[in-house]
Number of protein chains: 2
Amino acid sequence: MDPIQTLVQELCKLPGIGEKTATRLAFHILYASTDEALALAKAIQEVKERIRPCSVCFNLSSIDPCPICADMRRDQDLICVVEDSIGLNAVERAGVFRGVYHVLSGVIAPLEGIGPDQLKVKELVERVQMKPPREVILSTNPTVEGEATSAFLSKILKPHVPKITRIARGVPSGSDLEYVDRMTLSKAFENRRDF
Amino acid sequence: MDPIQTLVQELCKLPGIGEKTATRLAFHILYASTDEALALAKAIQEVKERIRPCSVCFNLSSIDPCPICADMRRDQDLICVVEDSIGLNAVERAGVFRGVYHVLSGVIAPLEGIGPDQLKVKELVERVQMKPPREVILSTNPTVEGEATSAFLSKILKPHVPKITRIARGVPSGSDLEYVDRMTLSKAFENRRDF
(Lines give C-alpha, C1' and ligand atoms only; values in the text may rest on other atoms or scores of the structure.)
Protein backbone atom coordinates (compact mmCIF):
# COMPACT_ATOMS: atom_id res chain seq x y z
CA MET A 1 0.00 0.00 0.00
CA ASP A 2 1.01 3.62 -0.45
CA PRO A 3 3.15 4.80 2.52
CA ILE A 4 1.05 7.96 2.93
CA GLN A 5 -2.15 5.91 3.13
CA THR A 6 -0.50 3.53 5.62
CA LEU A 7 0.51 6.45 7.83
CA VAL A 8 -3.01 7.95 7.68
CA GLN A 9 -4.47 4.56 8.70
CA GLU A 10 -2.08 4.19 11.62
CA LEU A 11 -2.78 7.74 12.84
CA CYS A 12 -6.53 7.01 12.61
CA LYS A 13 -6.10 4.36 15.31
CA LEU A 14 -5.21 7.07 17.87
CA PRO A 15 -8.08 8.21 20.12
CA GLY A 16 -10.01 11.22 18.84
CA ILE A 17 -8.19 11.25 15.49
CA GLY A 18 -10.52 10.89 12.50
CA GLU A 19 -9.51 10.50 8.87
CA LYS A 20 -9.37 14.24 8.16
CA THR A 21 -7.16 15.01 11.16
CA ALA A 22 -5.01 11.96 10.38
CA THR A 23 -4.50 13.23 6.81
CA ARG A 24 -3.54 16.67 8.11
CA LEU A 25 -1.07 15.14 10.58
CA ALA A 26 0.36 12.83 7.89
CA PHE A 27 1.05 15.75 5.56
CA HIS A 28 2.57 17.72 8.41
CA ILE A 29 4.97 14.81 8.97
CA LEU A 30 5.61 14.63 5.22
CA TYR A 31 6.48 18.30 5.01
CA ALA A 32 8.40 18.34 8.32
CA SER A 33 12.16 17.91 8.34
CA THR A 34 13.38 14.31 8.36
CA ASP A 35 14.98 14.91 11.78
CA GLU A 36 11.71 16.08 13.30
CA ALA A 37 9.70 13.18 11.84
CA LEU A 38 12.25 10.57 12.88
CA ALA A 39 12.40 12.07 16.39
CA LEU A 40 8.68 11.28 16.71
CA ALA A 41 9.15 7.74 15.37
CA LYS A 42 12.04 7.20 17.76
CA ALA A 43 10.09 8.58 20.73
CA ILE A 44 7.34 6.01 20.04
CA GLN A 45 9.85 3.16 19.85
CA GLU A 46 11.60 4.37 23.01
CA VAL A 47 8.48 4.34 25.17
CA LYS A 48 7.67 0.82 24.01
CA GLU A 49 11.21 -0.39 24.66
CA ARG A 50 12.03 1.42 27.87
CA ILE A 51 8.74 1.95 29.73
CA ARG A 52 7.69 -0.86 32.11
CA PRO A 53 5.28 -1.02 35.05
CA CYS A 54 6.97 -0.22 38.36
CA SER A 55 7.30 -3.43 40.43
CA VAL A 56 5.92 -1.67 43.51
CA CYS A 57 3.04 0.52 42.29
CA PHE A 58 2.66 -0.48 38.58
CA ASN A 59 3.04 3.10 37.40
CA LEU A 60 4.59 3.14 33.91
CA SER A 61 8.20 4.27 34.16
CA SER A 62 11.61 3.91 32.56
CA ILE A 63 13.19 3.02 35.92
CA ASP A 64 12.19 0.47 38.55
CA PRO A 65 11.08 1.30 41.19
CA CYS A 66 9.53 4.39 39.61
CA PRO A 67 10.77 7.86 40.71
CA ILE A 68 7.71 8.31 42.95
CA CYS A 69 8.19 5.02 44.85
CA ALA A 70 11.92 5.72 45.09
CA ASP A 71 11.41 9.25 46.47
CA MET A 72 11.91 8.95 50.21
CA ARG A 73 10.68 12.49 50.79
CA ARG A 74 7.22 11.26 49.81
CA ASP A 75 4.90 9.83 52.45
CA GLN A 76 5.26 6.07 51.87
CA ASP A 77 2.53 5.51 54.44
CA LEU A 78 -0.23 7.04 52.36
CA ILE A 79 -1.33 5.17 49.21
CA CYS A 80 -3.49 6.72 46.50
CA VAL A 81 -5.16 4.08 44.30
CA VAL A 82 -5.68 5.20 40.69
CA GLU A 83 -7.01 3.44 37.61
CA ASP A 84 -4.01 4.06 35.38
CA SER A 85 -0.95 6.22 34.83
CA ILE A 86 -3.20 8.83 33.19
CA GLY A 87 -5.06 9.30 36.48
CA LEU A 88 -1.76 9.28 38.38
CA ASN A 89 -0.44 11.99 36.08
CA ALA A 90 -3.56 14.12 36.65
CA VAL A 91 -3.11 13.92 40.45
CA GLU A 92 0.61 14.69 40.13
CA ARG A 93 -0.10 17.72 37.93
CA ALA A 94 -2.50 19.06 40.55
CA GLY A 95 0.41 18.84 43.06
CA VAL A 96 -1.88 18.20 46.02
CA PHE A 97 -0.70 14.73 46.99
CA ARG A 98 2.69 13.83 48.50
CA GLY A 99 2.14 10.13 49.21
CA VAL A 100 2.69 7.15 46.89
CA TYR A 101 0.41 5.41 44.39
CA HIS A 102 -0.97 2.06 43.39
CA VAL A 103 -1.99 1.79 39.74
CA LEU A 104 -4.82 -0.73 39.27
CA SER A 105 -4.32 -0.84 35.51
CA GLY A 106 -8.06 -0.62 34.80
CA VAL A 107 -11.44 -0.84 36.53
CA ILE A 108 -13.82 -3.70 37.18
CA ALA A 109 -16.04 -3.92 34.12
CA PRO A 110 -17.99 -7.21 34.05
CA LEU A 111 -19.46 -6.49 30.61
CA GLU A 112 -15.96 -6.31 29.17
CA GLY A 113 -14.88 -9.37 31.13
CA ILE A 114 -12.61 -7.40 33.46
CA GLY A 115 -12.76 -8.61 37.05
CA PRO A 116 -10.38 -8.09 40.00
CA ASP A 117 -8.09 -10.84 38.64
CA GLN A 118 -7.32 -8.77 35.55
CA LEU A 119 -6.33 -5.79 37.74
CA LYS A 120 -3.48 -5.28 40.21
CA VAL A 121 -5.86 -5.98 43.14
CA LYS A 122 -4.04 -9.02 44.53
CA GLU A 123 -0.81 -6.99 44.42
CA LEU A 124 -2.48 -4.14 46.34
CA VAL A 125 -3.75 -6.48 49.05
CA GLU A 126 -0.31 -8.10 49.40
CA ARG A 127 1.31 -4.67 49.54
CA VAL A 128 -0.90 -3.37 52.36
CA GLN A 129 -0.60 -6.69 54.22
CA MET A 130 3.18 -6.57 54.08
CA LYS A 131 3.44 -2.95 55.18
CA PRO A 132 0.08 -1.51 56.26
CA PRO A 133 -0.27 2.18 55.30
CA ARG A 134 -1.85 4.82 57.51
CA GLU A 135 -4.48 5.53 54.86
CA VAL A 136 -5.57 4.41 51.39
CA ILE A 137 -7.24 7.08 49.24
CA LEU A 138 -9.39 5.52 46.53
CA SER A 139 -9.06 7.81 43.48
CA THR A 140 -10.65 5.84 40.66
CA ASN A 141 -12.62 7.97 38.21
CA PRO A 142 -16.12 9.15 39.31
CA THR A 143 -17.82 6.84 36.79
CA VAL A 144 -20.10 3.86 37.41
CA GLU A 145 -17.17 1.43 37.02
CA GLY A 146 -14.82 3.63 39.06
CA GLU A 147 -17.30 3.89 41.94
CA ALA A 148 -18.00 0.14 41.88
CA THR A 149 -14.26 -0.63 41.85
CA SER A 150 -13.67 1.71 44.81
CA ALA A 151 -16.57 0.14 46.72
CA PHE A 152 -15.13 -3.32 46.05
CA LEU A 153 -11.62 -2.28 47.12
CA SER A 154 -12.83 -0.61 50.32
CA LYS A 155 -14.40 -3.92 51.33
CA ILE A 156 -11.39 -6.13 50.72
CA LEU A 157 -8.88 -3.61 52.15
CA LYS A 158 -10.90 -2.98 55.35
CA PRO A 159 -9.25 -5.80 57.39
CA HIS A 160 -5.76 -4.47 56.61
CA VAL A 161 -5.95 -0.66 56.56
CA PRO A 162 -7.06 1.60 59.46
CA LYS A 163 -8.42 4.37 57.23
CA ILE A 164 -9.86 4.09 53.71
CA THR A 165 -11.18 7.21 51.98
CA ARG A 166 -12.75 8.11 48.64
CA ILE A 167 -12.02 11.43 46.85
CA ALA A 168 -14.95 13.85 47.21
CA ARG A 169 -17.58 14.26 44.53
CA GLY A 170 -19.17 17.67 44.09
CA VAL A 171 -19.42 20.65 41.78
CA PRO A 172 -16.13 21.32 39.97
CA SER A 173 -14.36 24.64 40.66
CA GLY A 174 -15.11 27.37 38.17
CA SER A 175 -18.26 25.64 36.91
CA ASP A 176 -21.75 27.10 36.66
CA LEU A 177 -24.56 25.34 38.55
CA GLU A 178 -26.74 25.71 35.47
CA TYR A 179 -24.51 23.31 33.54
CA VAL A 180 -23.76 20.81 36.30
CA ASP A 181 -25.53 17.45 35.87
CA ARG A 182 -28.12 16.20 38.35
CA MET A 183 -25.90 13.41 39.72
CA THR A 184 -23.05 15.81 40.50
CA LEU A 185 -25.39 18.35 42.11
CA SER A 186 -27.01 15.63 44.18
CA LYS A 187 -23.55 14.52 45.42
CA ALA A 188 -22.63 18.15 46.15
CA PHE A 189 -25.67 18.53 48.42
CA GLU A 190 -25.14 15.15 50.06
CA ASN A 191 -21.48 15.96 50.82
CA ARG A 192 -22.04 19.59 51.86
CA ARG A 193 -19.75 20.90 54.61
CA ASP A 194 -20.20 23.30 57.50
CA PHE A 195 -19.09 26.82 56.68
CA MET B 1 14.80 12.95 29.74
CA ASP B 2 11.97 10.59 30.57
CA PRO B 3 10.80 8.74 27.43
CA ILE B 4 7.14 9.53 28.15
CA GLN B 5 7.91 13.25 28.42
CA THR B 6 9.94 13.08 25.21
CA LEU B 7 7.02 11.45 23.38
CA VAL B 8 4.59 14.07 24.71
CA GLN B 9 6.91 16.83 23.52
CA GLU B 10 7.26 15.31 20.05
CA LEU B 11 3.49 14.86 19.73
CA CYS B 12 3.01 18.50 20.79
CA LYS B 13 4.83 19.58 17.63
CA LEU B 14 2.00 18.20 15.48
CA PRO B 15 -0.54 20.81 14.31
CA GLY B 16 -3.58 21.20 16.55
CA ILE B 17 -2.14 18.94 19.27
CA GLY B 18 -1.78 20.66 22.64
CA GLU B 19 -0.14 19.23 25.74
CA LYS B 20 -3.31 17.58 27.06
CA THR B 21 -4.09 15.82 23.79
CA ALA B 22 -0.42 14.86 23.41
CA THR B 23 -0.48 13.29 26.88
CA ARG B 24 -3.65 11.36 26.02
CA LEU B 25 -2.10 10.13 22.76
CA ALA B 26 1.16 9.22 24.52
CA PHE B 27 -0.66 7.09 27.08
CA HIS B 28 -2.72 5.47 24.34
CA ILE B 29 0.55 4.49 22.65
CA LEU B 30 1.93 3.30 26.01
CA TYR B 31 -1.10 1.10 26.64
CA ALA B 32 -1.40 -0.07 23.02
CA SER B 33 0.19 -3.34 21.93
CA THR B 34 3.85 -3.10 20.94
CA ASP B 35 2.91 -4.18 17.39
CA GLU B 36 0.41 -1.35 17.01
CA ALA B 37 2.79 1.28 18.39
CA LEU B 38 5.71 0.13 16.27
CA ALA B 39 3.47 0.06 13.17
CA LEU B 40 2.92 3.80 13.69
CA ALA B 41 6.65 4.46 14.21
CA LYS B 42 7.44 2.44 11.08
CA ALA B 43 4.78 4.26 9.02
CA ILE B 44 6.42 7.58 9.94
CA GLN B 45 9.87 6.33 8.95
CA GLU B 46 8.51 4.86 5.69
CA VAL B 47 6.98 8.12 4.48
CA LYS B 48 10.24 9.96 5.15
CA GLU B 49 12.29 7.29 3.39
CA ARG B 50 10.07 6.49 0.44
CA ILE B 51 8.10 9.64 -0.37
CA ARG B 52 9.69 12.10 -2.81
CA PRO B 53 8.32 14.92 -5.01
CA CYS B 54 7.28 13.71 -8.48
CA SER B 55 9.78 15.01 -11.05
CA VAL B 56 6.92 16.20 -13.31
CA CYS B 57 4.33 17.77 -10.99
CA PHE B 58 6.08 17.78 -7.54
CA ASN B 59 3.24 15.86 -5.91
CA LEU B 60 4.60 13.80 -3.01
CA SER B 61 4.66 10.14 -4.02
CA SER B 62 6.49 6.86 -3.47
CA ILE B 63 6.94 6.39 -7.23
CA ASP B 64 8.26 8.75 -9.90
CA PRO B 65 6.47 9.96 -11.96
CA CYS B 66 3.56 9.92 -9.51
CA PRO B 67 0.52 7.70 -10.26
CA ILE B 68 -1.45 10.73 -11.48
CA CYS B 69 1.19 11.89 -13.99
CA ALA B 70 1.71 8.27 -15.10
CA ASP B 71 -2.02 7.68 -15.66
CA MET B 72 -2.56 8.04 -19.42
CA ARG B 73 -6.35 7.94 -19.02
CA ARG B 74 -6.09 11.35 -17.34
CA ASP B 75 -6.22 14.49 -19.46
CA GLN B 76 -2.52 15.46 -19.69
CA ASP B 77 -3.58 18.63 -21.49
CA LEU B 78 -5.29 20.18 -18.49
CA ILE B 79 -3.13 21.30 -15.55
CA CYS B 80 -4.52 22.16 -12.12
CA VAL B 81 -2.09 24.25 -10.06
CA VAL B 82 -2.33 23.62 -6.30
CA GLU B 83 -0.34 24.91 -3.33
CA ASP B 84 0.62 21.52 -1.93
CA SER B 85 -0.21 17.83 -1.84
CA ILE B 86 -2.88 18.59 0.78
CA GLY B 87 -4.77 20.74 -1.76
CA LEU B 88 -4.18 18.12 -4.44
CA ASN B 89 -5.62 15.47 -2.16
CA ALA B 90 -8.70 17.60 -1.47
CA VAL B 91 -9.37 18.00 -5.22
CA GLU B 92 -8.80 14.26 -5.79
CA ARG B 93 -11.21 13.36 -2.98
CA ALA B 94 -13.89 15.53 -4.58
CA GLY B 95 -13.42 13.45 -7.75
CA VAL B 96 -14.34 16.31 -10.06
CA PHE B 97 -11.05 16.73 -11.93
CA ARG B 98 -9.53 14.28 -14.42
CA GLY B 99 -6.53 16.28 -15.61
CA VAL B 100 -3.05 16.47 -14.08
CA TYR B 101 -1.53 18.71 -11.41
CA HIS B 102 1.33 21.04 -10.68
CA VAL B 103 2.21 21.37 -7.00
CA LEU B 104 3.72 24.79 -6.24
CA SER B 105 4.95 23.68 -2.82
CA GLY B 106 3.74 26.86 -1.12
CA VAL B 107 2.42 30.34 -1.89
CA ILE B 108 4.07 33.68 -2.40
CA ALA B 109 4.36 35.23 1.07
CA PRO B 110 6.75 38.20 1.06
CA LEU B 111 6.52 38.62 4.84
CA GLU B 112 7.86 35.09 5.29
CA GLY B 113 10.48 35.64 2.61
CA ILE B 114 8.80 33.27 0.15
CA GLY B 115 8.90 34.53 -3.43
CA PRO B 116 8.44 32.74 -6.78
CA ASP B 117 12.02 31.45 -6.58
CA GLN B 118 11.19 29.39 -3.49
CA LEU B 119 8.25 27.78 -5.28
CA LYS B 120 8.03 25.47 -8.31
CA VAL B 121 7.14 28.43 -10.57
CA LYS B 122 10.13 28.17 -12.93
CA GLU B 123 9.35 24.46 -13.31
CA LEU B 124 5.72 25.27 -14.17
CA VAL B 125 6.73 27.80 -16.83
CA GLU B 126 9.21 25.36 -18.37
CA ARG B 127 6.58 22.64 -18.31
CA VAL B 128 3.94 24.69 -20.17
CA GLN B 129 6.56 26.01 -22.61
CA MET B 130 7.72 22.50 -23.45
CA LYS B 131 4.20 21.11 -23.92
CA PRO B 132 1.55 23.86 -23.81
CA PRO B 133 -1.66 22.59 -22.15
CA ARG B 134 -5.16 23.45 -23.34
CA GLU B 135 -5.94 25.07 -19.99
CA VAL B 136 -4.38 25.83 -16.62
CA ILE B 137 -6.77 25.95 -13.65
CA LEU B 138 -5.33 27.98 -10.76
CA SER B 139 -6.50 26.24 -7.57
CA THR B 140 -4.48 27.89 -4.83
CA ASN B 141 -6.42 28.43 -1.59
CA PRO B 142 -8.91 31.36 -1.49
CA THR B 143 -6.68 33.30 0.94
CA VAL B 144 -4.88 36.61 0.45
CA GLU B 145 -1.62 34.78 -0.41
CA GLY B 146 -3.40 32.20 -2.58
CA GLU B 147 -5.19 34.90 -4.60
CA ALA B 148 -2.00 36.92 -5.03
CA THR B 149 -0.09 33.82 -6.13
CA SER B 150 -2.79 32.95 -8.68
CA ALA B 151 -2.81 36.53 -9.99
CA PHE B 152 0.98 36.40 -10.38
CA LEU B 153 0.87 33.01 -12.13
CA SER B 154 -1.87 34.09 -14.53
CA LYS B 155 0.36 36.96 -15.68
CA ILE B 156 3.51 34.92 -16.29
CA LEU B 157 1.64 31.98 -17.87
CA LYS B 158 -0.41 34.17 -20.25
CA PRO B 159 2.14 34.11 -23.13
CA HIS B 160 2.28 30.29 -23.10
CA VAL B 161 -1.24 29.04 -22.32
CA PRO B 162 -4.41 29.75 -24.35
CA LYS B 163 -6.77 29.51 -21.36
CA ILE B 164 -6.08 30.28 -17.71
CA THR B 165 -8.89 29.98 -15.15
CA ARG B 166 -9.32 30.41 -11.41
CA ILE B 167 -11.64 28.21 -9.31
CA ALA B 168 -14.87 30.02 -8.41
CA ARG B 169 -15.38 31.75 -5.08
CA GLY B 170 -18.86 31.84 -3.61
CA VAL B 171 -21.05 30.50 -0.83
CA PRO B 172 -20.12 26.91 0.10
CA SER B 173 -22.75 24.21 -0.44
CA GLY B 174 -24.80 23.38 2.62
CA SER B 175 -23.91 26.64 4.33
CA ASP B 176 -26.28 29.21 5.79
CA LEU B 177 -26.10 32.81 4.46
CA GLU B 178 -26.33 34.02 8.05
CA TYR B 179 -22.92 32.53 8.84
CA VAL B 180 -21.14 33.35 5.59
CA ASP B 181 -18.53 36.11 5.88
CA ARG B 182 -18.88 39.41 4.02
CA MET B 183 -16.01 38.71 1.62
CA THR B 184 -17.47 35.38 0.52
CA LEU B 185 -20.94 36.84 0.10
CA SER B 186 -19.53 39.73 -1.91
CA LYS B 187 -17.74 37.26 -4.22
CA ALA B 188 -20.93 35.19 -4.50
CA PHE B 189 -22.85 38.22 -5.74
CA GLU B 190 -20.05 39.34 -8.03
CA ASN B 191 -19.78 35.88 -9.61
CA ARG B 192 -23.54 35.20 -9.81
CA ARG B 193 -24.69 33.16 -12.79
CA ASP B 194 -27.77 33.21 -15.02
CA PHE B 195 -30.37 30.70 -13.93
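Proteins come first, then strands; the chains are lettered A, B, ... in the order of their sequence lines, and each starts at number 1.
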Which pair of non-hydrogen atoms, one from [X] and one from [Y], has the smallest distance, and what is that distance?
{"X": "Lys13(B)", "Y": "His28(A)", "answer": "O-NE2, 3.5 Å"}
{"X": "Gln45(A)", "Y": "Ala41(B)", "answer": "CG-CB, 3.8 Å"}
{"X": "Glu36(B)", "Y": "Glu10(A)", "answer": "O-OE1, 4.0 Å"}
{"X": "Pro15(A)", "Y": "Arg24(B)", "answer": "O-NH1, 3.6 Å"}

Other residues, nucleotides, ligands: >12 heavy atoms within 6.0 Å of [X] [atom1]:
{"X": "Glu126(A)", "atom1": "CD", "answer": "yes"}
{"X": "Glu19(B)", "atom1": "CD", "answer": "no"}
{"X": "Arg182(B)", "atom1": "CZ", "answer": "no"}

Among Thr6(A), Ile44(A), Leu40(A), side chain to side chain contact (heavy atoms under 4.5 Å, CB included) partner for Leu40(B):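 The passing option is Ile44(A).
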
Applying a strict under-4.5 Å side-chain criterion to I, L, V, M, F, W and Y, I'd like to know whether [X] and [Y] cluster together.
{"X": "Leu25(B)", "Y": "Phe27(A)", "answer": "yes"}
{"X": "Ile156(A)", "Y": "Ile114(A)", "answer": "yes"}
{"X": "Tyr101(B)", "Y": "Ile167(B)", "answer": "yes"}
{"X": "Ile108(B)", "Y": "Leu104(B)", "answer": "yes"}
{"X": "Val161(B)", "Y": "Val125(B)", "answer": "yes"}

Side-chain donor/acceptor of Tyr31(B) to backbone N/O of Ser85(A), under 3.5 Å: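 Looks like yes, one N/O pair under 3.5 Å.
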
Reported NZ-to-CG distance for the pair Lys42(A) and Leu7(B), which is rounded to 0.5 angstrom: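 Lys42(A) NZ to Leu7(B) CG: 12.0 Å, rounded to 0.5 Å.
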
Distance (rounded to the nearest 0.5 Å) between Leu14(A) CG and Ile17(B) CD1: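 Answer for the CG-CD1 pair, Leu14(A) versus Ile17(B), is 8.5 Å.
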
Check each atom of [X] against the heavy atoms of chain A and say whether the ones under 4.5 Å are side chain, backbone, both or neither.
{"X": "Asp84(B)", "answer": "both"}
{"X": "Lys48(B)", "answer": "side chain"}
{"X": "Ile51(B)", "answer": "side chain"}
{"X": "Gln9(B)", "answer": "neither"}
{"X": "Thr23(B)", "answer": "side chain"}

Most contacts with chain A, counted as non-hydrogen pairs under 4.5 angstrom, among Leu11(B), Ile29(B), Leu38(B):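 Going by pairs under 4.5 Å, I would pick Ile29(B).
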
